[in-house]
Structure formats: structure tokens, C-alpha cells
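Lettering of chains follows the sequences in order, A, B, ..., and the numbering in each one begins at 1.
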Number of protein chains: 2
Amino acid sequence: MIKIGELSKVTGCSVQTIRHYEKEQLIASAERSEGNFRLYDEAAVEQLLFIKHCRSLDLSLPEIRQLLALNRSPGAQCDDVNRMMDRHIEQVEARIQELTKLNEQLRKLRRSCSNRRTVKQCGILRNLSATPVSSG
Amino acid sequence: MIKIGELSKVTGCSVQTIRHYEKEQLIASAERSEGNFRLYDEAAVEQLLFIKHCRSLDLSLPEIRQLLALNRSPGAQCDDVNRMMDRHIEQVEARIQELTKLNEQLRKLRRSCSNRRTVKQCGILRNLSATPVSSG
DNA sequence: ATTGACTCTATAGTTATTATAGAGTTTATA
DNA sequence: TATAAACTCTATAATAACTATAGAGTCAAT
Ligand SMILES: [Zn+2]
Ligand SMILES: [Zn+2]
Ligand SMILES: [Zn+2]
Ligand SMILES: [Zn+2]
């Protein structure tokens, strides 16, 4: 059994984050020592790594909670998992699109000024003041 | 002179957002009517549209505050504007990279399960439990 | 006994809004 | 004129996923 600091080192999650996950019911309430310290076993390490992996894929805590619940009912069909993943992937792709478009606009804007100009002549500020370019 | 609801309609910013921008000092405190209602003129409309344009480019409120300050000192060199834009563009591009990589991982993960499997056999959950693939 | 490292809970801060509650103002209608 | 509807005011809380405190308690070593 390890204490929370050790768990933090092993998993790379901060101590506060681990406590936060407990409060948010992503991990079960840990056993406590006599002095009221949280105690964790190997299973806790693995569950935390699972969560961390999910977070690295930008899955939200509610999404992860859903995955963990499914994990606990191994007989269920996994259509739900798939639906969630599809939706998540869709959102990521939409965000990529958005940012790509944004990036083009920013670069264009940036080209409208070279250094050592005066703010008064600055194309960036002038263009920012103009009505935003519509997407069409 | 128009009231805040009208300004909201004209600019497409919500009433609360406008009040928020005032509190955050992005726009000057509005004049007040006898009944203590905020009153705006055409200049306010334009400044709000400027802010909205900036926000649509994902510039943060502090960044916009900086732009507005520069806008008020037309004699200054605009190197600062450029530096900020460069940094902002860098961040957007970094985020695009991140999400693109993420998207690949998600799609790969998604392929590891077809519908009508059982959670127990689910490649998604199995793969999520495994240690994340390192980037190398 | 005391120090230092660790842990505990509770609370507040982060970003840019959005959503309330409860009170006051203005405009339109009966 | 009374009343209702629509609007506005301030202040406060919620959102997501942490991070950072404060103040107190625990534990191991000196
Ligand atoms: Zn998602
Ligand atoms: Zn410039
Ligand atoms: Zn930025
Ligand atoms: Zn599956």
C-alpha cells in the first residue's frame, strides 16, 4: 500500500488531481490509514493510468466516468463506447478545422504589418477594426 | 444613444458579456441615464466589434486589452503588436499539431472495435488500459 | 522534544463567459 | 392611473479541470 505522494510519482498525476478525481468519483474512495492518510494498491495505479491515458486523448471526465462504468459491466454491448468515441473524434476534427481557418486569418493579418511601422499605419490594427471577413 | 440591449443586438455580444467587458476594462465605463441605465454611442459599437473580431481570432482578453492600449498611442512602434501576434500564431499552430496527433490516435483506437462486440472483448477499452503509446 | 516531510480538509483562483436572484426603470396597455 | 411586460441594475454562482493556498494534523528521524 502506498500513500498519495507515491501514487502521484508513479502515475505522474499531481496529488491534488488525484484527490480531485476521488471527489469526482472517477476513482473509488481510498482506504485510510490510522492517521487518516489515503492508501492505494496496484489496482489504483492502473486505474489512474487509464484515466491519464484518456485525458491525454482529451476525453472529458464525464466521458471517462462513462468508460469506467462500462468497464465494470463486461457483458454489455460496446455500442455506447463507439458512439462516444465517434462523437469525440468529430469534435476534435471540428476544432482542427476551426483552428486551421483561424490560423490562415491570423497569418494574413500578420502579413499586413512589418516591423518598425507606427501603430497609426499598422495594417494589423486597421484590419482588426474592419468588419471581420465573412466565411463565404 | 442606445441602451445595452440594443448594443447587444447590433454587435451580437450578449448583454452580460458587454457588462463583463466593462468590468474587465476592455471598454470604458458607459455613461448612465437618469435611471442608471448604460448609454452607448456609435464609437462604443465599433470598439465592441473590434473586440468581437479579436475574440473570433481567439485572442485573449488581456491580449485585446494590449491591442486597445496600442491603438490609443498611434505614434508608438508596432513591434509589440507583431510579437504578440507571432506568439499567438505559434500557440494556435502548436494546438493544431497536438489535435492532429490526437486525432490519429483516436481514429486508431476507434478502429480497434466494431459494433456489437461485448465490452469484455472491446479493443478500445483494452487499448485504453494499456500504457499510452509514447510519441517516439 | 523537535524538525522536516508529508498529508488532511476546505476554500479560492484560473478563463471567458452564462445564468441566476432580487430589485429597480421604462414603456405600453387597459 | 394602475398594471403588466420588457428591460435594466448589481451581485453572485456556475461552467471544466485543475492548481494553489491556509491552517492543522501525522509520521519518521534526530
Ligand atoms: Zn469528448
Ligand atoms: Zn503594425
Ligand atoms: Zn494568444
Ligand atoms: Zn468495443
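- Between the side chains of A:Glu63 and A:Ser60, at least one donor N or O sits under 3.5 Å from an acceptor N or O.
- Expressed to the nearest 0.5 Å, how far CG of B:Asp86 lies from CZ of B:Arg83 amounts to 9.0 Å.
- If you measure from atom CD1 of A:Ile18 to atom P of D:dA17, you get 17 Å, rounded to the nearest angstrom.
- One interatomic measurement links the two molecules: CD of B:Glu6 to C1' of C:dT27, which rounds to 15 Å at whole-angstrom precision.
- Interatomic distance, B:Lys108 NZ to B:Asn127 CG, rounded to the nearest 0.5 Å: 8.5 Å.
- With contacts defined as side-chain heavy-atom distances shorter than 4.5 Å, the pair A:Ile124/B:Asn82 qualifies.
- At whole-Å resolution of the value, CD in B:Glu31 and P in D:dC9 are 13 Å apart.
- Atom-to-atom, CZ of A:Arg65 to C1' of D:dA16 comes out at 12 Å; the value is rounded to the nearest Å.
- A search for side chain to side chain donor-acceptor pair (under 3.5 Å) contacts involving B:Arg95 returns A:Asp58, B:Glu98, not counting sequence neighbours.
- Side chain of B:Arg55 to main chain of B:Leu59: a donor-acceptor pair is present (N/O by atom type, distance under 3.5 Å, no hydrogens or angles).
- The two atoms that bring B:Ser8 and B:Cys13 nearest to each other are OG-O, 2.7 Å, heavy atoms only.
- The OH-P distance, from A:Tyr40 to C:dC6, rounds to 16 Å in whole Å.
- Between the C1' atom of D:dC18 and the NZ atom of A:Lys52 lies a distance of 15 Å, rounded to the nearest Å.
- A sub-4.0 Å separation between OP1 or OP2 of C:dT9 and a side-chain N or O of A:Arg32 is present.
- Rounding to whole angstrom units, CZ of residue A:Arg95 and C1' of D:dA16 are separated by 15 Å.
- When atom types are taken as modelled, the side chain of B:Thr118 and the backbone of B:Lys120 share no donor-acceptor pair closer than 3.5 angstrom.
- For A:Glu93 and B:Asn103, the side-chain atoms include at least one donor-acceptor pair closer than 3.5 Å.
- For the helix from C:dA1-D:dT30 to C:dA30-D:dT1, the axis fitted to the five pairs at one end and the axis fitted to the five pairs at the other end meet at an angle of 40° (nearest 10 degrees).
- Taking atom CG on A:Leu39 and atom P on D:dC27, their separation rounds to 10 Å, with Å as the unit.
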Reading nucleotides 16-26 of chain C 5' to 3', which nucleotides get B (base under 4.0 Å from a protein heavy atom), which S (sugar-phosphate only), which -? SBBB----BSS

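- Of the side-chain N and O atoms in A:Arg38, one or more sit less than 4.0 angstrom from OP1 or OP2 of C:dT9.
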